[in-house]
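Step one of this worksheet: look at the structure below.
None of these values were measured; they are calculated from a predicted model.
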Amino acid sequence: QVQLVESGGGLVQPGGSLRLSCAASRTIFSIYAMGWYRQAPGKQRELVAAITKSGSTFHADSVKGRFTISRDNAKNTLYLQMNSLKPGETGVYYCKRGAATWGQGTQVTGSS
């Protein structure tokens, strides 16, 4: 059974940075497109960034220039570097493999 385990979340001040990781196991990681999604309290899950198996990336307009998605196929790991975080970006961040496989999420909480 595929496992996706996110880590790197935590408490962060506005303007701060975090690096999220998603470690994949029991899967051939390199052949899948991957994505990061965010679910804020009371809101639907939304796509933040995605990366194809060949490394082409997409970032939502709201995070362009501040967030960067990347992958290390040798380590079976997906990353999301988040800089200049804004208060509204609090939520649970999930990684997704392909069309339907999700991790359990990691919480990002903004502090004042």
Side-chain angles (χ1 to χ4, degrees):
Q1 185 174 346
V2 172
Q3 275 195 325
L4 300 174
V5 179
E6 299 95 334
S7 62
L11 193 64
V12 60
Q13 291 186 341
S17 296
L18 284 175
R19 188 194 197 200
L20 306 184
S21 299
C22 170
S25 60
R26 305 191 186 106
T27 181
I28 304 173
F29 178 78
S30 62
I31 68 173
Y32 289 96
M34 300 290 295
W36 284 102
Y37 290 72
R38 173 175 63 223
Q39 187 161 22
K43 295 187 177 180
Q44 288 190 330
R45 201 171 295 188
E46 61 178 354
L47 176 65
V48 175
I51 186 166
T52 67
K53 62 181 181 180
S54 61
S56 297
T57 60
F58 163 84
H59 296 83
D61 287 345
S62 61
V63 306
K64 277 181 182 176
R66 299 185 298 116
F67 290 14
T68 303
I69 189 171
S70 62
R71 66 191 298 163
D72 185 336
N73 290 337
K75 295 182 178 180
N76 284 1
T77 303
L78 178 73
Y79 302 100
L80 184 68
Q81 177 67 45
M82 306 189 295
N83 298 327
S84 302
L85 277 158
K86 300 178 179 180
E89 291 171 334
T90 288
V92 180
Y93 283 72
Y94 298 90
C95 71
K96 182 182 177 184
R97 184 202 75 168
T101 304
W102 296 90
Q104 85 291 345
T106 186
Q107 176 73 47
V108 174
T109 302
S111 66
S112 56

Report summary line: For Tyr94, the other hydrophobic cluster members (4.5 Å side-chain criterion, sorted by chain and number) are Tyr37, Leu47, Phe58, Val92, Trp102
Query raised in the report: What is the distance from atom OG of Ser70 to atom CZ of Arg19, rounded to the nearest 0.5 Å?
Result: 6.0 Å
Query - All side-chain contact (heavy atoms from CB on, under 4.5 Å) counterparts of Ser21, not counting sequence neighbours - result: Ser7, Thr77, Tyr79
**Report entry** side-chain hydrogen bond (donor to acceptor under 3.5 Å, both in side chains) partners for Ser62, two or more places apart
**Finding:** none
Query raised in the report: Does Ile69 offer a backbone N or O that forms a donor-acceptor pair with the side chain of His59 under 3.5 Å?
Result: yes
Query raised in the report: Glu6 versus Leu20: any side-chain heavy-atom pair under 4.5 Å?
Result: no
Report task. Test side chain to side chain contact (heavy atoms under 4.5 Å, CB included) on Val12 and Met82 and set out the steps. Result -> CA-CA 11 Å; Val12 60; Met82 306 189 295; over 6 Å; no
Query raised in the report: What heavy-atom pair brings Ser84 and Ser17 nearest, and what distance separates the two atoms?
Result: N-OG, 4.2 Å
Report task. Write down the atom of Leu18, the atom of Gly8, and the distance for their closest heavy-atom approach. Result -> CD2-O, 3.7 Å
Report task. May I have all residue pairs that pass salt bridge (Lys or Arg N to Asp or Glu O under 4.0 Å) and include part of residues 51-66, sequence neighbours excluded? Result -> Asp61-Lys64, Arg66-Glu89
Query - Side-chain donor/acceptor of Thr90 to backbone N/O of Gly110, under 3.5 Å - result: yes
Tabulate below the donor-acceptor pairs under 3.5 Å that side-chain atoms of residues 23-34 make, not counting sequence neighbours, or state none.
residue, atom, partner, partner atom, Å
Arg26, NH1, Gln1, O, 3.4
Arg26, NH1, Gln3, OE1, 3.4
Thr27, OG1, Arg97, NH1, 2.7

Determine all donor-acceptor pairs shorter than 3.5 Å in which one atom belongs to a side chain in residues 38-45; sequence neighbours excluded.
residue, atom, partner, partner atom, Å
Arg38, NE, Glu46, OE2, 3.3
Arg38, NH1, Tyr93, OH, 3.0
Arg38, NH2, Glu46, OE2, 2.9
Gln39, OE1, Arg45, NE, 3.3
Gln39, OE1, Arg45, NH2, 3.4
Gln39, NE2, Lys43, O, 3.2

**Report entry** Closest approach of Leu4 to Cys22 (non-hydrogen atoms, all atoms of both residues)
**Finding:** CB-SG, 4.0 Å
